[in-house]
K.L.:
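Below you will find the structure I want to go over with you.
We count residues from 1, following the sequence as given. What's counted below: heavy atoms across the whole structure, side chains too, no hydrogens, waters or symmetry copies.
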Amino acid sequence: MIFLQLNLYLTLNYLCAMMDDYITKEVSKTRAAVESVLKRLSQLSGKAASAEIHDYVKTEMSGKLGLDIDSILSKDDFISTLVSKFHFDNDDLNRFAEILYTMLKADEGKDEVHNAYARAIVKINKWLEEKGITFSATRHYVLEEMNRYF
């Protein structure tokens with residue numbers, strides 16, 4: 001009986017360690033993908049056409065994370081999906097809002113996708129603000145600018 005309990009205890013500890021390792025790898029993968037996209041966007045910004053920026057972001061986020069931006073943003077609870085399914089933390093959410101903002105700035109249109117990005121930026125930033133997360137360098141500016149839309 002004791003051997004069985006010890007074996008079960010060791011197995012559970014091993015599984016917990018494997019799960020922790022998996023989650024850590026997923027968080028690292030998310031962070032690397034988001035940072036990579038932001039870095040490339042800073043290089044493209046002002047030089048590339050809106051369509052090129054949108055294609056780049058959508059391709060990278062889909063390829064690296066399996067994340068379809070438009071379908072995620074169509075959900076009311078997209079933030080909880082980003083956190084639970086894609087392992088976004090507060091910094092990743094802030095960076096994701098910056099990515100959306102860069103895409104929005106590059107786009108002069110006022111179509112439904114444009115508006116969805118603007119709503120998502122506001123929602124992410126308000127969510128972070130409600131959580132008491134320290135403001136990023138751009139969050140106040142972004143919220144003020146988004147107030148023009150909503």
K.L.:
Atom OG in Ser71, atom CZ in Phe78: separation rounded to 0.5 Å?
P.N.:
12.0 Å
K.L.:
Would a 4.5 Å heavy-atom cut-off, applied to side chains only, mark Asp92 and Phe86 as touching?
P.N.:
no
K.L.:
Taking C-beta and beyond as the side chain, do Val57 and Thr102 meet within less than 4.5 Å on heavy atoms?
P.N.:
no
K.L.:
Can you measure from CD1 (Ile121) to CD1 (Ile99) and round to the nearest 0.5 angstrom?
P.N.:
11.0 Å
K.L.:
Is the closest side-chain heavy-atom distance between Phe96 and Leu67 below 4.5 Å?
P.N.:
yes
K.L.:
Please assess Asn125 against Glu129 for the test side chain to side chain contact (heavy atoms under 4.5 Å, CB included), listing each intermediate value before the final yes or no.
P.N.:
CA-CA 6 Å; Asn125 282 290; Glu129 186 177 330; over 6 Å; no
K.L.:
Under the side chain to side chain contact (heavy atoms under 4.5 Å, CB included) rule, collect the residues that match up with Ser74, sequence neighbours excluded.
P.N.:
none
K.L.:
For Asp55, enumerate each residue passing the side chain to side chain contact (heavy atoms under 4.5 Å, CB included) test, keeping only those at least two apart in sequence or located in another chain.
P.N.:
none
K.L.:
Rounded to the nearest 0.5 Å, what separates atom CD in Glu98 from atom CG in Leu93?
P.N.:
11.5 Å
K.L.:
Got Ile124 and Tyr101 here, is their nearest side-chain heavy-atom distance under 4.5 Å?
P.N.:
no
K.L.:
Do you know which two heavy atoms are closest between Met61 and Ile69, and how far apart they sit?
P.N.:
CG-CD1, 4.0 Å
K.L.:
Just verifying a value: how many Å separate Arg95 CZ and Phe88 CZ, rounded to the nearest 0.5 Å?
P.N.:
10.5 Å
K.L.:
Excluding sequence neighbours, so at least two apart, what forms side-chain hydrogen bond (donor to acceptor under 3.5 Å, both in side chains) with Asp91?
P.N.:
none
K.L.:
Can you pull the salt bridge (Lys or Arg N to Asp or Glu O under 4.0 Å) pairs that have at least one residue in residues 68-79, sequence neighbours excluded?
P.N.:
Lys58-Asp70
K.L.:
Which heavy atom in Ala120 sits nearest to a heavy atom in Leu100, and how many Å separate them?
P.N.:
CB-CD1, 3.8 Å
K.L.:
If you round to the nearest 0.5 Å, how far is OH of Tyr56 from CE of Met103?
P.N.:
11.5 Å
K.L.:
Would you call the rings of His54 and Tyr117 parallel, tilted or perpendicular, where under 30° means parallel and over 60° means perpendicular?
P.N.:
parallel
K.L.:
Sequence neighbours excluded, which residues qualify as side-chain hydrogen bond (donor to acceptor under 3.5 Å, both in side chains) partners of Lys64?
P.N.:
Ser36, Glu60
